Amino acid sequence: MDAFYASVELLRYPQLKGLPVVIGGGRRREDEVLRQVPEGGTLADIPLASFPLLKDYAGRGVITTATYPARAFGVGSAMGLMKAARLCPQAILLPVDFDEYRRFSRAFKKVITDIAPLMEDRGVDEVYIDFTDVPGGQREGGRVLARLIQKSILQATGLTCSIGVAPNKLIAKMASEFDKPNGISVVYEEDLQTRIWPLPCRKVNGIGPKADAKLQQHGIHTIGELAARERDWLIGHFGKATGAWMHEVAWGRDDRAVVTESEPVSMSRETTFERDLHAVRDRSELGSIFTHLCHKVAEDLRRKGYKGRTIGIKLRYDDFKIATRDQTLGHYTDDGPAIRQAAGQCLRRVPLERPLRLLGVRVGGLVRADSAEAGRAVPGPHTGESAGATGSLF
DNA sequence: TCTGGGGTCCTAGGACCC
DNA sequence: TCTGGGGTCCTAGGACCC
C-alpha cells in the first residue's frame with residue numbers, strides 16, 4: 001500500500017491532500033484535532049489552521065509514514081520527529097490510529113482474497129499473492145490481474161497500492177518498488193541482469209544496514225557485484241547459511257512458498273517513557289507501567305486465544321543499549337498477575353544502574369489456549385518451575 | 001533535540017540427556 | 001591424565017522487517 005497510514009488519514013481529512021503530512025509521535029490524543037470540528041460539520045470541515053504542526057511537537061518519537069509531498073523535504077519513515085521538524089517544520093503532524101489502519105488493512109486484504117485466495121500476510125500494509133492458478137493470472141505476465149486488484153482496492157477503500165509481479169517473492173518485492181505510487185511492474189526471469197543487478201544490495205529483503213556495510217567494505221555495492229562473487233567467497237566471509245543465501249538471491253533465486261496461514265510465536269508490549277526513568281528514583285512509576293504492560297500482554301493473549309510459557313522483559317537504557325531476560329515456566333499462562341510475577345523475577349537479573357528509556361514485556365512459547373498442552377504442566381526441566389516460591393525471598 | 005512498537009529468525013554457549 | 005558425539009532446551013543478543 002502506498003504511504004498507507006498517511007493515505008488512510010487523508011481519507012478522513014481530504015483538506016490535507018497535496019500537503020506535507022507526517023504520521024507519528026507519542027501520546028498526542030486524536031481528539032486534539034477532533035475537537036476542532038465546526039458545528040454541524042465533519043472531519044473534512046476542520047480548518048487547516050487547526051491541525052498541529054510538526055514544529056510544535058516537543059516529545060519523543062519517530063515518523064511512521066510521510067505523505068509524498070512531505071518526502072520531498074527529505075523526511076521519511078523511522079526518522080526522529082525532532083529531526084524531521086528541522087527539515088519540514090510546516091508539515092502537519094497526525095497521531096497514529098492503529099485501529100483505523102487495521103480496519104482498512106482488513107478491507108484491502110478481503111478485496112485481494114476475493115480475487116486471489118493465496119495471500120500471505122506481511123503486516124498491516126503488505127502482502128504476497130500467488131497468481132499462478134488464478135484464472136487470467138498469466139495474462140500479460142500477470143499485469144491484467146494486478147490491474148484488477150489495484151482497481152478493486154481503490155474502489156473499495158479509496159487507497160492506492162503498488163504491485164510487483166515476478167516469478168518469486170524476492171523479485172516481486174523489489175519490483176513492487178519500481179513504480180511507486182500506484183504502479184505495476186512486471187519483472188521476468190530474463191530481466192535479472194538489466195533490472196535487478198543494477199540495484200544496491202540494500203534493496204534485497206533481508207540485507208539490512210549491517211550486512212550492507214560489510215558488503216560495501218568488500219567493494220560490493222550492487223546486486224550484480226554480489227552475483228559476481230564466488231559462492232565460496234561469500235560463505236567464507238558471511239558464514240555458511242548467509243553466504244549461500246546471498247549467492248542465491250543475487251542470482252534471483254528464491255523458492256519460498258506463499259504462506260497463507262501462520263501461528264504467532266510471541267506477543268509483547270513495550271513503551272518508551274516520556275522521560276528517562278530511574279529504577280530507584282522512579283520506582284513507583286516504573287512499577288505501575290510494568291504492571292500495566294503485563295496486563296496488556298495478558299489481555300492480548302486472551303483476546304487472541306493464546307497462552308505462553310516463556311516470559312521475558314526488555315529494557316532500553318538511556319544509551320540505547322538493550323538488555324533482555326526471560327524465563328520459561330513449567331506451565332502455560334495468559335494471566336496478568338502470573339506474567340507480572342515471572343517478569344518481576346526477570347527484572348531482578350538485569351542491571352538497573354543506568355536510567356531507562358523503554359520497558360517491554362514479552363510472552364513467547366505460545367500455544368492456542370484451547371489446545372491440550374495449554375492446560376497441562378510441561379514435563380521436563382524448567383528454570384522457572386519453582387521460581388514463584390523462591391522468588392519472593394529476594 | 002536524536003532514534004516507536006510489534007514482530008520473526010538466527011546464532012552461540014551451557015545444561016542436560018542418551 | 002584425559003575426557004565421544006549427537007540432540008534438545010534454555011537464555012541473551014542481534015539483525016532485520018513492516
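Order of the sequence lines fixes the chain letters, A, B, ..., with proteins taken first and strands second; residue numbering starts at 1 for each chain. Predicted model only: the values in this text are computed from it and were never measured.
- Here A:Arg316 reaches the OP1 or OP2 of B:dG4: one of its side-chain N or O atoms lies under 4.0 Å away.
- At B:dG7, one or more side-chain N or O atoms of A:Ser268 fall inside 4.0 Å of OP1 or OP2 (strictly under the cut-off).
- When the side-chain nitrogen and oxygen atoms of A:Ser266 are compared with OP1 and OP2 of B:dG7, none of them lie within a distance under 4.0 Å.
- A:Arg357 has a side-chain polar atom (N or O) that falls below the 4.0 Å cut-off from OP1 or OP2 of B:dT3.
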Chi angles and distances behind the salt bridge (charged side-chain N to carboxylate O under 4.0 Å, His left out) call for A:Glu299, A:Arg302: CA-CA 5 Å; A:Glu299 231 177 76; A:Arg302 289 194 296 267; 5.6 Å; no
Secondary-structure string, 5' to 3', Watson-Crick or G-U under 3.5 Å, | for another-strand partners, for DNA chain C: ....||||||||||||||
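- In this structure, A:Ile63 reaches neither bases nor backbone, as no heavy-atom distance under 4.0 Å exists between it and the strands shown.
- A ring-centre distance under 6.0 Å is found for A:Tyr5 and A:Phe98.
- Between A:Phe51 and A:Tyr13, the distance separating the two ring centers is shorter than 6.0 angstrom.
- Tested against A:Leu19, the residues A:Leu10, A:Thr67, A:Leu48 include a single side chain to side chain contact (heavy atoms under 4.5 Å, CB included) partner, A:Leu48.
- Between C:dT11 and A:Arg349, no contact under 4.0 Å exists linking OP1 or OP2 to a side-chain N or O.
- In this structure, A:Thr64 does not reach the B:dG5 phosphate: none of its side-chain N or O atoms is under 4.0 Å from OP1 or OP2.
- Put simply, A:Lys173 has a side-chain N or O that comes within less than 4.0 Å of OP1 or OP2 on C:dC18.
- For DNA chain C, the residues of residues 196-206 of chain A within the heavy-atom distance limit of 4.0 Å (strictly under) are A:Arg202, A:Val204, A:Asn205, A:Gly206, sorted by number.
- Syn is the glycosidic conformation of B:dC2, whose angle stays within 90° of 0.
- Residue contacts for A:Lys210: at a heavy-atom cut-off of 4.0 Å it reaches the sugar-phosphate backbone alone, with no base atom in range.
- In this structure, A:Thr328 reaches the C:dT11 phosphate: one of its side-chain N or O atoms is under 4.0 Å from OP1 or OP2.
- The cationic group of A:Arg309 lies under 6.0 Å from the six-membered ring centre of A:Tyr332 and within 45° of the ring axis, placing it in a cation-pi geometry.
- Remark: A:Thr310 is not in phosphate contact with C:dT11, judged by side-chain N or O atoms under 4.0 Å from OP1 or OP2.
- Within the 4.0 Å cut-off from OP1 or OP2 of C:dA12, at least one side-chain nitrogen or oxygen of A:Arg325 is found.
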